[in-house]
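One structure is given below, encoded as structure tokens.
Read the numbers this way: they start at 1 and go in the same order the structure lists the ligands and their atoms. All values below come from the heavy atoms of this structure, side chains included, with hydrogens, waters and symmetry mates left out.
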Amino acid sequence: MSSIAIRLAEVDSRIRSAEQHYNRPPGSVQLLAVSKTRPAADIREALAAGQHRFGESYLQEALEKIGQLRDLQIEWHFIGRIQSNKTRDIAENFQWVHSLESHKHARRLNEQRPRKLAPLNICLQIQVDTEDTKGGITPDQARNLIAEFKELPRLRLCGLMTLPAPVQGVENQRIAFHRLRLLRDQLKSPESSLETLSMGMTGDLEAAVAEGATIVRVGTAIFGPRNPKGEHGR
Ligand SMILES: *Cc1c(COP(=O)(O)O)cnc(C)c1O
């Protein structure tokens with residue numbers, strides 16, 4: 001087995017143990033492999049090991065890899081900051097966006113989503129703790145944005161995402177994830193059940209599973225540490 005295949009199996013077993021430990025139904029947590037800064041060859045390796053969902057944060061880099069891997073069955077998730085002049089590329093190339101933060105971007109993605117593709121799956125990125133400098137909207141802003149979705153038929157509102165500031169210890173890590181789940185319970189409605197909770201990364205996925213994550217976004221534990229110079233912004 002390749003080292004990526006071995007690490008994927010380890011991450012999978014962390015997720016399954018956490019599901020069991022916290023009484024989550026088996027298989028209720030999906031793994032999104034975060035491949036930002038990684039070459040297409042690493043994605044091919046993960047794909048060969050059975051991983052089909054990949055998350056990217058930097059659009060230009062993502063588009064290059066999507067082009068190189070066009071022939072393969074991959075579900076692409078955009079998890080980075082959205083820039084207004086880049087929404088068309090997102091609408092045309094991804095199946096999911098986890099990081100929606102504005103009405104303006106919602107309307108643009110809706111207009112630009114090609115008719116021949118299924119509606120674009122969306123999570124709203126929420127800021128659940130005040131030290132969090134990594135973006136996200138407030139609960140009130142989320143409530144207003146959700147109300148717009150009935151006019152956005154090319155988008156499918158799936159749920160909420162958060163990227164809390166890193167803290168040590170499962171109990172401390174659970175606080176932010178717990179807040180996201182409570183917010184979801186407050187905001188859900190018959191029109192939109194907000195089933196998806198996109199939360200948890202390499203360092204805190206167990207805490208996220210404990211609090212109801214349905215998608216964990218894991219990079220380092222699968223692909224190894226990133227070169228910080230390769231990261232811009234996030
Ligand atoms: C980079 C990134 C991740 C993955 O983080 P790791 O700690 O490497 O697992 C998850 N979510 C977002 C939004 C990211 O930018």
Side-chain angles (χ1 to χ4, degrees), residues 3-4 6-15 18 29-39 42-43 45-46 49 51 53-63 65-66 75-83 86 90 94-102 105 121-129 131-137 142 158-170 172-174 176-177 179-180 196-234:
S3 60
I4 288 176
I6 291 167
R7 288 193 296 246
L8 259 176
E10 286 165 0
V11 170
D12 187 63
S13 106
R14 276 177 70 185
I15 294 170
V29 181
Q30 293 182 348
L31 172 60
L32 179 65
V34 176
S35 45
K36 65 185 180 199
T37 79
R38 298 292 167 180
D42 285 11
I43 297 175
E45 240 177 275
Q51 175 65 31
R53 299 183 188 90
F54 293 89
E56 292 282 341
S57 300
Y58 311 118
L59 189 60
Q60 225 33 58
E61 178 203 323
L63 294 175
K65 287 184 257 182
I66 291 171
E75 187 178 276
W76 293 104
H77 294 233
F78 188 72
I79 62 173
R81 272 263 153 78
I82 300 172
Q83 290 174 275
K86 302 287 173 57
I90 296 173
F94 287 82
Q95 284 81 53
W96 280 77
V97 171
H98 291 234
S99 45
L100 187 71
E101 299 184 334
S102 78
H105 293 162
N121 298 299
I122 300 284
C123 292
L124 307 184
Q125 184 172 345
I126 308 292
Q127 183 167 5
V128 285
D129 60 30
E131 305 97 275
D132 181 355
T133 53
K134 304 249 176 144
I137 55 178
C158 297
L160 307 179
M161 178 273 227
T162 196
L163 181 59
V167 290
Q168 294 299 314
V170 175
N172 293 329
Q173 292 166 349
R174 285 179 68 159
F177 299 141
R179 286 195 195 132
L180 193 72
T196 302
L197 288 176
S198 167
M199 56 189 197
M201 318 198 293
T202 292
D204 55 15
L205 76 85
E206 283 81 4
V209 171
E211 293 295 341
T214 62
I215 301 180
V216 292
R217 309 177 310 267
V218 179
T220 307
I222 299 169
F223 298 109
R226 288 179 293 274
N227 174 0
K229 288 202 198 97
E231 301 225 26
H232 4 211
R234 237 167 223 182

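Near Arg217, meaning under 4.0 Å from one of its heavy atoms, ligand 1 places the atoms 4 (C), 9 (O), 10 (C), 11 (N), 12 (C), 13 (C). Every atom of ligand 1 with a heavy atom of Ile79 under 4.0 Å away is listed here by number and element: 11 (N), 12 (C), 13 (C), 14 (C). Near Thr220, meaning under 4.0 Å from any of its heavy atoms, are these atoms of ligand 1: 6 (P), 7 (O), 8 (O), 9 (O). Every atom of ligand 1 with a heavy atom of Gly219 under 4.0 Å away is listed here by number and element: 4 (C), 6 (P), 8 (O), 9 (O).
Contact of the Ser99 side chain with the Ile82 side chain is registered, since non-hydrogen atoms from C-beta on lie closer than 4.5 Å.
Within the 4.0 Å heavy-atom shell around ligand 1 one finds Ser57. Ligand 1 has no atom lying under 4.0 Å from any heavy atom of His98.
Between His77 and His98, the angle of the ring planes lies from 30° to 60°, which puts this pair in the tilted group.
The one candidate from Gln127, Arg217, Met199 that meets the side-chain contact (heavy atoms from CB on, under 4.5 Å) condition with Leu163 is Arg217.
Under a 4.0 Å N-O distance rule, the pair Arg14/Glu10 does not qualify as a salt bridge.
Gln125 contributes no side-chain N or O that, together with a main-chain N or O of Met161, makes up a donor-acceptor pair within less than 3.5 Å. Under a 3.5 Å cut-off, the side chain of Ser102 and the backbone N or O of His105 do form a donor-acceptor pair.
Below 3.5 Å of separation, one finds no N or O of Val218 facing any N or O of ligand 1.
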